Amino acid sequence: MSATENHEALLARRDRVLSPSYRLFYEEPLHVVRAEGVWIYDAGGRRYLDAYNNVPVAGHCHPYIVGAIARQAAILNTHTRYLSERPVELAERLLATMPSAMGSVILTNSGSEANDLAIRISRTVTGGTGVIVTDCAYHGTSDLLQGMSPVTGLPTGPDVFTIAVPLAMRDVGEFATLVEDALDRMRDAGVKPAALLVDTIFGSDGAIAEPAGFLKGAVEAIHGAGGLFIADEVQPGFGRTGAGMWGFQRHDVTPDFATMGKPMGNGHPVASLVTTREIAEAFTRHQRYFNTFGGNTVSCAAALATMDVIEREGLIENAAQTGTYLGQGLQSLVDRYEILTGLRGAGLFRGVQTVSGDIATRIVNGLRRAGVLIGSAGRGNAALKVRPPLSITRTEVDFLLESFDRILRDEPGY
Ligand code: PMP
């Protein structure tokens with residue numbers, strides 16, 4: 001069978017057995033077989049620069065992390081109802097990266113589970129139900145969280161209030177004003193606030209990072225109304241912004257909850273919710289929590305090894321430095337091509353605004369043909385999302401920028 005026949009046969013088999021609710025990326029779907037560092041290889045042996053997946057934060061199949069997973073899988077893999085070293089060590093390591101007020105960890109398997117639990121705890125301990133999210137937010141797959149993820153196009157859930165976050169913030173106080181307005185609407189509707197839930201890099205809103213500090217007034221507003229602040233760190237967490245481990249640090253705030261997932265195990269499923277001791281104790285007076293696979297020994301080993309690599313390889317510094325280099329290169333493209341209208345983001349999470357969703361889609365597919373993988377997000381899917389592994393080098397960034405420049409120059413009709 002030729003490579004093309006093989007590809008077609010696999011597509012047909014996939015269509016027969018996997019739910020049509022799954023969608024493949026790209027006009028010409030990519031059949032991937034292996035990956036290493038920032039590169040992902042297709043069935044024909046061609047390599048692509050992966051500047052889309054923010055899960056393999058240390059690079060795909062990092063040997064140190066793979067080794068840690070394999071070794072732990074051969075020794076012990078069980079759950080948190082036994083006393084064992086790994087979950088305790090992981091909780092200690094996570095808390096050491098957090099403000100001192102954060103003192104309690106719950107381990108889960110996905111960002112969705114962590115956010116779902118954060119909402120449940122907020123509603124339990126505040127006695128309120130109202131939740132504020134942004135109008136292009138994505139927070140997870142559960143029924144509850146789909147109602148808090150307007151980017152899906154589904155109706156928002158009961159007692160969910162949205163705010164339209166501007167792509168370019170006027171000043172550091174603008175976001176707080178929007179949150180206060182949502183709190184007023186909540187009051188008018190007779191709903192008691194429970195939480196403000198935001199992704200601290202606003203990834204699905206199109207990577208809104210400036211001015212740093214704009215969350216501060218918003219956190220004060222939700223606290224003033226008796227609600228809690230949930231920092232969704234699934235996208236920015238583990239160093240992506242280049243300004244510390246967590247996105248909320250850029251805004252100089254201490255959240256009541258930090259939820260995290262995706263990059264936490266560099267590809268192995270492991271996620272978490274971190275909160276204050278006080279909130280954890282208040283919740284435990286009402287309810288218990290157990291999650292069979294959340295905090296299993298192998299997932300903890302994966303997360304610990306990922307944290308080791310982030311530290312030893314200086315990945316946060318690289319996110320800052322190579323992220324600045326990437327930002328400068330993208331800005332020069334924005335300056336030269338009219339269809340690119342702005343650059344946002346921080347570190348190695350960049351959003352390039354284009355004039356339309358159609359143009360963004362064409363660029364994403366053009367870059368895929370040129371050997372670079374990126375995605376799109378934001379209102380009308382008109383922003384390009386660039387999120388390479390934090391191990392990316394300047395040479396690899398140059399390949400990304402040159403490919404981007406070439407497709408804009410060569411493809412007619414841009
Ligand atoms: N929050 C944000 C900001 C996300 O981007 C995602 C996943 N795209 C989630 C939560 C949900 O995480 P998971 O897919 O691991 O459940």
Side-chain angles (χ1 to χ4, degrees), residues 21-23 25 50 52-57 106-122 131-154 156-157 160 162-163 165 195-209 215 229-241 245-248 250-251 255 257-274 291 293-296 299 302-303 306 344-351 373-378 381 383 385-387:
S21 54
Y22 285 120
R23 259 187 296 164
F25 280 151
D50 184 0
Y52 179 72
N53 291 292
N54 77 337
V55 171
V57 73
I106 293 180
L107 297 162
T108 64
N109 305 292
S110 66
S112 300
E113 285 182 348
N115 278 334
D116 200 279
L117 184 60
I119 296 293
R120 193 167 119 201
I121 298 178
S122 305
V131 175
I132 303 172
V133 295
T134 59
D135 67 341
C136 268
Y138 181 81
H139 293 293
T141 56
S142 68
D143 193 24
L144 177 81
L145 292 170
Q146 289 283 291
M148 298 177 188
S149 299
V151 76
T152 58
L154 295 170
T156 49
V160 176
T162 61
I163 50 180
V165 43
L196 166 68
L197 167 62
V198 298
D199 165 0
T200 61
I201 189 73
F202 297 82
S204 55
D205 296 277
I208 302 162
L215 282 178
F229 172 53
I230 306 167
D232 182 334
E233 293 288 333
V234 170
Q235 294 279 344
F238 296 91
R240 182 153 291 279
T241 69
M245 245 337 225
W246 311 110
F248 64 76
R250 284 186 75 255
H251 291 280
F257 303 90
T259 56
M260 61 201 73
K262 282 185 188 281
M264 187 169 174
N266 202 50
H268 187 91
V270 51
S272 175
L273 168 146
V274 180
N291 186 325
F293 292 122
N296 74 79
S299 293
T306 303
R344 294 183 298 273
L348 283 168
F349 196 129
R350 298 285 167 172
L373 307 181
I374 65 162
S376 59
N381 256 334
K385 200 158 62 170
V386 184
R387 294 174 313 194

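Counting starts at 1 for both ligands and their atoms, following the listed order. Computed from a prediction, not measured in an experiment: that's the story for all the values here.
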Residue pair [X] / [Y]: nearest heavy atoms and the distance that separates them:
| X | Y | value |
| --- | --- | --- |
| Gly265 | Thr306 | C-OG1, 3.5 Å |
| Thr259 | Ala118 | CG2-CB, 4.0 Å |
| Leu107 | Met264 | CD2-CE, 4.3 Å |
| Ala271 | Gly111 | CB-N, 3.7 Å |

For Phe248 together with Phe229, are the ring centres under 6.0 Å from each other?
no
Distance-only polar pair, side chains of Thr200 and His251, donor-acceptor under 3.5 Å:
no
Which N/O atoms of ligand 1 sit under 3.5 Å from a protein N/O, and at what distances?
| from | atom 1 | to | atom 2 | distance (Å) |
| --- | --- | --- | --- | --- |
| ligand 1 | 1 (N) | Asp232 | OD1 | 3.4 |
| ligand 1 | 1 (N) | Asp232 | OD2 | 2.7 |
| ligand 1 | 5 (O) | Gln235 | NE2 | 2.7 |
| ligand 1 | 8 (N) | Lys262 | NZ | 3.3 |
| ligand 1 | 15 (O) | Gly111 | N | 3.0 |
| ligand 1 | 16 (O) | Ser112 | N | 2.8 |
| ligand 1 | 16 (O) | Ser112 | OG | 2.4 |

